[in-house]
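Notes follow the structure.
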2 protein chains.
Amino acid sequence: MSISSKVMGRLTRYRALLTEYFPKDKLHVFSHELATMMGFSASQVRRDLMCLGYFGVPRYGYEVKELIHHINDVLDASKVHHVAVVGAGNLGRALMSFLGSRRATLKIVAAFDDDPQLANRLINGVPCYAMDRAEEIMKHQGITIAILCVPGSAAQRVTDRLVIAGIKGILNFAPVPIRIPVGIALEEIDVTSALERVAFYTTSRTGTPKKRRNSPQE
Amino acid sequence: MSISSKVMGRLTRYRALLTEYFPKDKLHVFSHELATMMGFSASQVRRDLMCLGYFGVPRYGYEVKELIHHINDVLDASKVHHVAVVGAGNLGRALMSFLGSRRATLKIVAAFDDDPQLANRLINGVPCYAMDRAEEIMKHQGITIAILCVPGSAAQRVTDRLVIAGIKGILNFAPVPIRIPVGIALEEIDVTSALERVAFYTTSRTGTPKKRRNSPQE
DNA sequence: CCTGAAATGTGAATCCATTCACATCGTTCA
DNA sequence: TGAACGATGTGAATGGATTCACATTTCAGG
Ligand SMILES: NC(=O)c1ccc[n+]([C@@H]2O[C@H](COP(=O)([O-])OP(=O)(O)OC[C@H]3O[C@@H](n4cnc5c(N)ncnc54)[C@H](O)[C@@H]3O)[C@@H](O)[C@H]2O)c1
Ligand SMILES: NC(=O)c1ccc[n+]([C@@H]2O[C@H](COP(=O)([O-])OP(=O)(O)OC[C@H]3O[C@@H](n4cnc5c(N)ncnc54)[C@H](O)[C@@H]3O)[C@@H](O)[C@H]2O)c1
């Protein structure tokens with residue numbers, strides 16, 4: 001039974017909630033508690049948790065510790081990924097400082113930028129290299145994932161170079177869709193589009209989309 | 001015929017592509033061209049464009065100018081929204097500089113922060129105010145949308161204050177789900193979760209989710 | 001003017017995600 | 001101990017979104 005992308009996304013959010021924003025003294029949790037905290041329905045939570053191979057007990061709920069442990073298993077949290085930020089501008093730097101302190105399994109180990117001013121410096125604790133050393137450094141450091149923070153006009157070009165250098169996954173912040181060969185993972189975060197979506201539903205239009213209370217990721 | 005949230009999201013991206021990253025000399029575009037550029041299927045593009053009330057001509061495609069114009073109509077681009085960034089930290093500041101130069105209909109007119117150091121200063125061209133002046137300034141400036149960039153631990157508390165102050169839409173960057181009353185628009189962008197999704201599909205697992213080439217927003 | 005090629009618009013089919021509804025089970029309390 | 005309660009796990013129903021497939025339209029070329 002393969003695990004759908006939607007479910008995957010929610011599993012990561014359950015985990016974040018449980019590990020970081022959950023009362024430490026609560027040892028058990030009910031599906032309907034998770035549901036109201038996350039903003040979706042109890043049966044959806046139960047469905048999602050079904051893929052874990054861990055089962056709650058009726059009348060008692062799920063053991064928080066076990067839940068986290070099994071989500072880790074499914075999400076393969078044991079595997080460490082080395083990550084590079086590509087484009088050390090405003091956003092890139094914000095991400096470096098933000099992600100530096102996060103999950104130990106996702107390590108930001110390098111930044112790349114074609115601005116010569118930035119090369120060979122430490123930025124927010126991350127060493128920054130010239131773009132033309134990307135392949136060398138990636139190989140050497142075992143970097144598999146890139147966070148793309150270059151201007152939209154350069155996004156496809158830079159992507160192509162990363163692909164040649166052997167990247168395996170890309171998180172794209174440039175507000176333009178990029179094309180990559182099959183076999184490479186890609187997620188896109190389009191901030192402008194998200195803001196425009198909010199604006200659309202904010203206009204005195206009748207309510208939010210459907211009756212959903214929390215929005216999907218994306 | 002109401003327009004679904006999914007379609008909405010894609011319309012904003014078609015528009016961005018056509019207005020900003022499209023050859024100026026191309027006057028017409030085919031559904032299959034848009035499709036490959038965006039990374040989805042031609043029939044999906046045609047479905048999406050059906051809601052516009054504008055029709056392409058067979059053998060000729062869609063007129064780019066008309067397309068943009070009709071998307072603007074549907075997305076209500078004529079209405080101007082005043083936006084506040086709440087939490088003028090690393091991310092907040094990056095967003096201010098980024099969005100300052102963007103769509104004229106979404107204007108960043110203020111920032112709020114509870115750090116007294118930041119109050120009453122201009123940050124990236126945006127005036128920053130103390131948190132307790134939020135209600136006053138929001139009323140005065142006609143602010144309807146907030147971009148939430150405060151730490152997760154403060155997110156719900158700050159949200160509640162914004163709601164009381166009369167906010168109509170929120171774009172939440174804090175990595176924790178927030179709850180709001182019905183009638184207020186909400187979009188969440190969870191960067192950590194997105195990165196974890198990339199990592200999940202990056203692991204030598206068999207390919208990306210399904211056979212999709214570009215990922216959904218969000 | 002007529003024919004063929006190529007793209008559109010859309011009903012129907014398919015696929016996927018979410019919700020419903022309820023049998024089942026473990027816990028608690030009398 | 002046993003009965004009643006309250007939560008789980010899940011088959012079936014529902015609802016949406018995507019894709020298929022094709023009739024229809026338009027243009028180019030002879
Ligand atoms: N700033 C934000 O909050 C924000 C939010 C969402 C999306 N974005 C997007 O993220 C991207 C970066 O935004 P930013 O605000 O950090 O811009 P920025 O101008 O501050 O930074 C861009 C960086 O990319 C580098 N760069 C440019 N071309 C390059 C190339 N070919 N190879 C390597 N590096 C190159 C530049 O030297 C610069 O350091 C843009 O596409 C923007 O649309 C930014
Ligand atoms: N930095 C990033 O790239 C990034 C990316 C994704 C998500 N986020 C999220 O965005 C949020 C902000 O991240 P950041 O890196 O900018 O953090 P930061 O610490 O740089 O900035 C947080 C800002 O919020 C202000 N603040 C704190 N409590 C407040 C309150 N109660 N009311 C008003 N203002 C308050 C602080 O004074 C500070 O200026 C966090 O939730 C983080 O998880 C950050």
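Chain A is the first sequence line, chain B the second, and so forth, proteins listed ahead of strands; every chain is numbered from 1.
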Starting the side chain at C-beta, find the nucleotide from [options] nearest to [X].
| X | options | answer |
| --- | --- | --- |
| B:S31 | C:dT18, C:dT8, C:dC20 | C:dT8 |
| A:Q44 | D:dA17, C:dT19, D:dT19 | C:dT19 |
| B:F30 | C:dT8, D:dT19, C:dG9 | C:dT8 |
| B:R46 | D:dA7, C:dT10, D:dG9 | C:dT10 |
| B:H32 | C:dA7, C:dG9, C:dT28 | C:dA7 |
| B:P58 | D:dG9, D:dT26, D:dA21 | D:dT26 |

For the side chain of B:R47 and the base of C:dG11, is some donor closer than 3.5 Å to an acceptor across the two? yes
Determine whether any donor atom in the side chain of A:R59 lies under 3.5 Å from an acceptor atom in the base of C:dC25, or the reverse, and answer yes or no. no
Taking atom CZ of B:F55 and atom CD of B:E66, what is their separation to the nearest 0.5 Å? 13.0 Å
Looking at A:S41, I'd like to know whether one of its side-chain N or O atoms comes within less than 4.0 Å of OP1 or OP2 on C:dT19.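 Yes.
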Does the side chain of B:Y54 get closer than 4.0 angstrom to OP1 or OP2 of C:dT8 through an N or O atom? no
Euclidean distance, atom CE of residue B:M38 to atom C1' of D:dT18 [Å, nearest integer]: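 Atom CE in B:M38 sits about 16 Å away from atom C1' in D:dT18.
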What is the distance, rounded to the nearest whole Å, between atom CD of A:E33 and atom P of D:dA7? 9 Å
Can a donor-acceptor pair be found, under 3.5 Å and without considering hydrogens, that links the side chain of B:Y54 to the backbone of B:Y62?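 It does not hold such a pair.
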